[in-house]
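Worksheet: one structure, shown below.
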Amino acid sequence: MLNLVIFGPPGAGKGTQSDKLIAKYQLCHLSTGDMFRLHIKNDTALGLKVKQILADGMLVPDSITIEMLEEEVQKNPEAKGYIFDGFPRTVPQAEALDAFLAGKGQKIDLVLQLDVDQEAIEKRIAKRQEESGRPDDSADKLLKRIDEYFSKTIHVLPYYEGQGKVTKVNGIGEIETIFTNICAAIDAV
Ligand code: ADP
């Protein structure tokens, strides 16, 4: 069992690197952003509830997010491990995840921190918006997401540093180089 958290600001490359990790380590990829977008696309009750929150670049309340994430883990019991992408984004989410995994006799093994400066993030997301058209990639909504990251999400790092689980990887450079460095961190666990 290998449970990873992939951590970093919006546009750090969490999704890109997660796709490569799934292929190599056969892990189950759990992206809360993707889950919310699917709910919105399918017009579910949850989707209707969170649509405006995502469009505004704000964080969805912890209770909703935690419940959705735990359900998704339960749906994939045979997984060799999980990549948590975009979750936890607050300390209460991190605490809830620890308690939930402990109840299953599991734990987080590694937190990969993708280190990217704000200038690079803004450039990447401007490019992504041209391609994907994600409404929350617009300049003002991106600033809100970056603000949410530095005011709330960043506190998740000291939480895991206290557990000695964080490895920092430079998120700037070639995708393959970053991936090689991530794999080295995983293989060192
Ligand atoms: P990015 O990492 O590019 O900001 P995500 O796809 O991870 O994008 O998340 C998109 C949006 O989904 C967030 O801005 C937020 O509104 C919501 N979201 C995703 N994960 C969480 C979470 N763990 N807690 C609260 N809101 C979340």
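When a ligand or atom number is given, it counts from 1 through the structure's own listing order. For the single chain, residues carry numbers from 1 onward in sequence order.
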What does the N/O contact table under 3.5 Å look like for ligand 1?
{"unit_1": "ligand 1", "atom_1": "2 (O)", "unit_2": "Lys14", "atom_2": "NZ", "d": "2.9"}
{"unit_1": "ligand 1", "atom_1": "2 (O)", "unit_2": "Arg89", "atom_2": "NH2", "d": "3.4"}
{"unit_1": "ligand 1", "atom_1": "3 (O)", "unit_2": "Arg128", "atom_2": "NH2", "d": "3.2"}
{"unit_1": "ligand 1", "atom_1": "3 (O)", "unit_2": "Arg145", "atom_2": "NH2", "d": "2.9"}
{"unit_1": "ligand 1", "atom_1": "4 (O)", "unit_2": "Arg89", "atom_2": "NH2", "d": "3.1"}
{"unit_1": "ligand 1", "atom_1": "4 (O)", "unit_2": "Arg145", "atom_2": "NE", "d": "3.3"}
{"unit_1": "ligand 1", "atom_1": "4 (O)", "unit_2": "Arg145", "atom_2": "NH2", "d": "3.1"}
{"unit_1": "ligand 1", "atom_1": "6 (O)", "unit_2": "Arg37", "atom_2": "NH1", "d": "2.9"}
{"unit_1": "ligand 1", "atom_1": "6 (O)", "unit_2": "Arg37", "atom_2": "NH2", "d": "2.8"}
{"unit_1": "ligand 1", "atom_1": "7 (O)", "unit_2": "Arg89", "atom_2": "NH1", "d": "3.1"}
{"unit_1": "ligand 1", "atom_1": "7 (O)", "unit_2": "Arg89", "atom_2": "NH2", "d": "3.3"}
{"unit_1": "ligand 1", "atom_1": "8 (O)", "unit_2": "Arg134", "atom_2": "NH2", "d": "3.2"}
{"unit_1": "ligand 1", "atom_1": "9 (O)", "unit_2": "Arg89", "atom_2": "NH2", "d": "3.4"}
{"unit_1": "ligand 1", "atom_1": "16 (O)", "unit_2": "Met58", "atom_2": "O", "d": "2.5"}
{"unit_1": "ligand 1", "atom_1": "20 (N)", "unit_2": "Thr32", "atom_2": "OG1", "d": "2.7"}
{"unit_1": "ligand 1", "atom_1": "20 (N)", "unit_2": "Gly86", "atom_2": "O", "d": "3.3"}
{"unit_1": "ligand 1", "atom_1": "20 (N)", "unit_2": "Arg89", "atom_2": "NH1", "d": "3.0"}
{"unit_1": "ligand 1", "atom_1": "23 (N)", "unit_2": "Gly86", "atom_2": "O", "d": "2.8"}
{"unit_1": "ligand 1", "atom_1": "23 (N)", "unit_2": "Gln93", "atom_2": "OE1", "d": "2.9"}
{"unit_1": "ligand 1", "atom_1": "24 (N)", "unit_2": "Gln93", "atom_2": "NE2", "d": "2.9"}
{"unit_1": "ligand 1", "atom_1": "26 (N)", "unit_2": "Val60", "atom_2": "N", "d": "3.0"}

Any ion pair linking [Y] and [X] (charged N to carboxylate O, less than 4.0 Å)?
{"X": "Arg89", "Y": "Glu148", "result": "no"}
{"X": "Arg145", "Y": "Asp147", "result": "no"}
{"X": "Lys123", "Y": "Glu119", "result": "yes"}

Test side-chain hydrogen bond (donor to acceptor under 3.5 Å, both in side chains) applied to Asp98 and Gln93, Gln163, Gln106, the passing residue: Gln163
Side chain to side chain contact (heavy atoms under 4.5 Å, CB included), paired with Lys165, selected from Leu112, Val189, Val5, Ile108: Ile108
Inter-residue atom distance Glu72.CD - Phe87.CZ, 0.5 Å rounding: 12.0 Å
